[in-house]
Amino acid sequence: MEIFNHLATGFSVALAPMNLILVLVGCFVGTLIGSLPGIGPINGVAILLPLAYAMGFPPESALILLAGVYYGAEYGGRISSILLNVPGDAGAIMTTLDGFPMSKRGEGGRALALSAVSSFAGSIGALLLMVISAPLLSQLAIQFGPSEYVLLMIFAFTCLATMVGSRPVKTLVGVLIGLLLATVGVDSGTGVLRFTMGIPNFFDGVDFLVVVIGMFAISEVLALLEQWARNDLSITPVGRSFVSFADLMKVKWVVLRSTIIGFLIGVLPGTGASIASAVAYGTEKRFAEGDNSQFGNGDIRGLAAPEAANNASAAGSMVPMLTLGIPGSGTTAILLGALMMFNITPGPLLFEQQPQIAWGLIASMFVGNLALLVMNLPMIGIFVRLLSIRQAYLVPVIVMLTFVGIYSIHGDSFDLYFMVLLGLFGFLLRKLHFSLAPVILGLVLGEVLEENLRRALSISGGDWSILLNGPMTYTLATATLVALLAPGLWRLWKKSRRADGAVDRKLVEEE
Amino acid sequence: MYDRIFAGTLLLLSGLIAWTAVGFDVPFQYEPLGPKAFPVILSILMALTAGWLLVKPSRNDWHPDRSVLMKLLAGLATMTLYAVLFESAGFIVATFLVGTVFSWLFGEKPWRAAAYSLALSLCGYFLLKDLLQLNVPAGALLGG
């Protein structure tokens, strides 16, 4: 089987001593970042990205580290959800519903253990699906021409607009801001300088890292500052941590279903862990109809479902990033940007031309999830203790790391000023309920979108009908229409039968 | 209200972008679209969405009071100060000062904040510079 050869290549990369250390570091930092309320995976990856870049890792190692932070955070998010009733990241919101009641009745240890195993099962299940589906998808994508890519990106933005954020129009504005930011700098086709305002630092474009760190990390510091109140959060006692066979048997089908749901939602562009866990929770509640009175009061099925789903979606959102070059979530948009900084364009050829990156990452995710299981079962006490780190000590470290990271790229104070300015901008956007993930997606995809659009139209000599030139483009156009109309129809249908209000769109923020 | 202000700004901006893009001086181009078309298309879309937002803004639920605004301004000013000092005064001095302010803003007692930030800046410097080999400015103090 060819797949086993690929996996062997991957494991030879992932098990190299340096990469092994990076996986462990990434997973540890990820769990920590996920468990601390306030800093989600997107901030963790954003803060570490310039450091990884400046330290001169080879691209596959940097990606392995950053991806470790990403899926590690999906594990960590549940810790504060269960013990403090405060979700550590957006994907862990649903975990509070049944996790916190469990820990209130003294079953914190049981909840932590079971959710760790669910997370692990969700991740591994999604990874297996990834191993099977990624090569197939990249085979399909190899036939994509510029028109297909243009439509694919429009599809991605449509999914994003209708599913993420408070209002579609606000998400669209975010995407447009990102796309316009991407046009700043010298135009690769003609050498014309665009929107540089005469500032030399903008001649080769707005630096991706500065935008990401500014908009996410700096605005997060401002948001923390705004929310800060003397927090005397009391951690409920963990109790005995154990996994019982009976619990596992009770949730095995729940986990399987949630894994598949999470994976599929993760693959869809723009939708990530928060939506996946919400949908999985809702589905399981409906599945358990007649026997679902305990949902929300500490039902282990309600705990297992969102945890399996959010981890599965983290793996799922890597699939379109690696095979199509279209990220499946805000965090994978940053990972994509990271690859581009290393001059690697993810896409169908990645699996053939640079198997060490694609398969190395996949293999490292198997290793990382095993490590995470160990970190989250016997070593859970460490993270619980770290939960009580005060923000007075945490925030200076975050600020320090962001400044060092950005400064070390070009060694130019201009980037620091620009970063603070973008931080203010990002903060205002958040306050007005614009999500920031669309901005990053637009920024990452802007150049590719323009390039493909221009290439398509030079093939046709300026005839726009080339964008709909074959069965593949028709399919994509139809999918875009479906993505555009489906949420509206879904809401109508839902209104007619008034399901549970657990899926609150307001809760769905950045991944 | 804020939505309207923001949308209005975007509308102005999209006009400015379109005007700038149309004015690009393109000496030669080999393809039909060229560097102007994409920004122009984007600015039209931006104008449409901003217009929509102007007509139908969301209800604003952000009502920061004076103390919150002051805190935000303090945070912004501190980070700007960090950007100013980072290169000129060097990492250690800048991190010590800024770390103290932030630690204090998040409720630590002043002298403990200062002690923590001193430790952070010294440890951070050697960790980041020597262990991770990053480009960390030493500043005038260390003769960097």
Side-chain angles (χ1 to χ4, degrees), chain A residues 51 54-56 166-167 169-170 172-173 176-177 179-180 183 187 189-195 218 221-222 224-226 228 230 390-397 399-400 403-405 407-409 411 413 416-417 419-420 423-424 427-428 431-433 449-450 453-455 457-458 460-462, chain B residues 2-3 6 10 17 20-21 24-35 37-39 42-43 45-46 49-50 52-53 58 60 62 64 68 71-72 75-76 79-80 82-84 86-87 91 95 98-99 102-108 113 116-117 120-121 124 128 132-137:
Chain A
L51 298 176
M55 275 153 74
S166 60
R167 275 176 65 185
V169 61
K170 291 196 164 180
L172 272 182
V173 169
L176 289 169
I177 291 175
L179 289 172
L180 279 167
T183 62
D187 169 48
T190 55
V192 173
L193 286 175
R194 299 192 289 184
F195 310 115
I218 299 293
V221 170
L222 291 175
L224 285 174
L225 205 55
E226 187 194 13
W228 185 80
R230 194 166 297 278
R390 293 179 47 194
Q391 288 186 339
Y393 300 138
L394 193 62
V395 173
V397 177
V399 176
M400 177 183 88
F403 274 69
V404 169
Y407 184 80
S408 57
I409 310 170
S413 291
L416 299 178
Y417 295 114
M419 169 180 80
V420 175
L424 176 64
F427 177 73
L428 293 177
K431 284 292 130 189
L432 298 177
H433 300 294
L449 176 59
E450 182 179 11
L453 186 65
R454 281 162 79 169
R455 200 173 297 152
L457 284 164
S458 21
S460 70
Chain B
Y2 291 127
D3 260 14
F6 186 70
L10 282 183
I17 288 167
T20 318
F24 285 147
D25 178 27
V26 185
F28 63 92
Q29 86 183 42
Y30 301 112
E31 18 114 34
L33 274 192
F38 191 62
L42 291 181
S43 64
L45 289 174
M46 176 91 106
T49 47
W52 185 357
L53 209 56
S58 318
N60 177 54
W62 189 43
V68 167
K71 241 175 22 186
L72 288 175
L76 263 180
M79 284 193 272
T80 314
Y82 202 12
V84 175
F86 201 75
E87 201 171 42
F91 174 84
T95 306
V98 169
F102 265 111
S103 188
W104 173 72
L105 278 176
F106 279 94
E108 186 52 281
Y116 171 71
S117 300
L120 177 69
S121 59
L128 294 166
L132 300 186
Q133 311 256 305
L134 292 174
N135 177 9
V136 187

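Throughout, a chain's letter reflects where its sequence line sits, starting with A, and its residues are numbered from 1. Not measured: the values here are computed from a predicted model.
- Both the backbone and the side chain of B:Ile17 come within contact range of chain A, judged by heavy atoms closer than 4.5 Å.
- For A:Val404, the parts sitting under 4.5 Å from any heavy atom of chain B are the backbone and the side chain alike.
- Between B:Ser58 and A:His433 the shortest side-chain heavy-atom distance does not fall below 4.5 Å.
- Annotation: side chain of B:Trp62 is not in contact with side chain of B:Val68 (no heavy-atom distance under 4.5 Å).
- Heavy atoms closer than 4.5 Å to chain A are found in the side chain of B:Tyr116, but not in its backbone.
- Interface remark: of the candidates B:Thr95, B:Leu53, B:Asp25, B:Leu53 forms the most heavy-atom pairs closer than 4.5 Å to chain A.
- When heavy atoms are compared at a cutoff of 4.5 Å, B:Phe86 approaches chain A solely by way of its side chain, counted from C-beta outward.
- A distance of 7.5 Å separates CG in A:Leu449 from CG in B:Leu42, rounded to the nearest 0.5 Å.
- With a 4.5 Å cut-off on side-chain heavy atoms, A:Arg454 and B:Phe38 do not count as touching.
- Using a 4.5 Å cut-off between heavy atoms, A:Leu428 touches chain B through its side chain atoms alone.
- Counting heavy atoms from C-beta outward, B:Glu31 and A:Leu457 have side chains that stay 4.5 Å or more apart.
- In this structure, the side chains of A:Leu416 and B:Tyr82 stay at 4.5 Å or more apart for every pair of heavy atoms.
- When heavy atoms are compared at a cutoff of 4.5 Å, A:Val399 approaches chain B by way of both its backbone and its side chain.
- Looking at heavy atoms from C-beta onward, B:Phe102 lies out of side-chain contact with A:Val397 at the 4.5 angstrom threshold.
- In this structure, the portion of A:Thr183 lying under 4.5 Å from any heavy atom of chain B is its side chain and not its backbone.
- If you measure heavy-atom distances from B:Leu128 to chain A, the contacts under 4.5 Å come from the side chain alone.
- Both the backbone and the side chain of B:Thr49 come within less than 4.5 Å of a heavy atom of chain A.
- If you tally non-hydrogen atom pairs under 4.5 Å between each of A:Leu179, A:Leu394, A:Leu51, A:Leu172 and chain B, the highest count goes to A:Leu179.
- Counting only heavy atoms from C-beta outward, the side chains of B:Met79 and B:Val98 never approach each other to under 4.5 Å.
- Listed options B:Ala37, B:Gly34, B:Ala50, B:Ser43 were ranked by heavy-atom pairs under 4.5 angstrom with chain A; first place goes to B:Gly34.
- For the options B:Leu45, B:Val136, B:Asp3, B:Thr20, heavy-atom pairs under 4.5 Å to chain A are most numerous at B:Asp3.
- The two atoms that bring B:Pro32 and A:Gly462 nearest to each other are CG-N, 3.6 Å, heavy atoms only.
- Among A:Met55, A:Glu450, A:Arg455, the residue making the largest number of heavy-atom pairs under 4.5 Å with chain B is A:Glu450.
- Contacts between B:Val26 and chain A at a heavy-atom distance below 4.5 Å involve backbone atoms as well as side-chain atoms.
- Interface remark: of the candidates A:Ser413, A:Gly411, A:Ser460, A:Ser413 forms the most heavy-atom pairs closer than 4.5 Å to chain B.
- Between A:Lys431 and B:Tyr2, the closest side-chain pair of non-hydrogen atoms is not below 4.5 Å.
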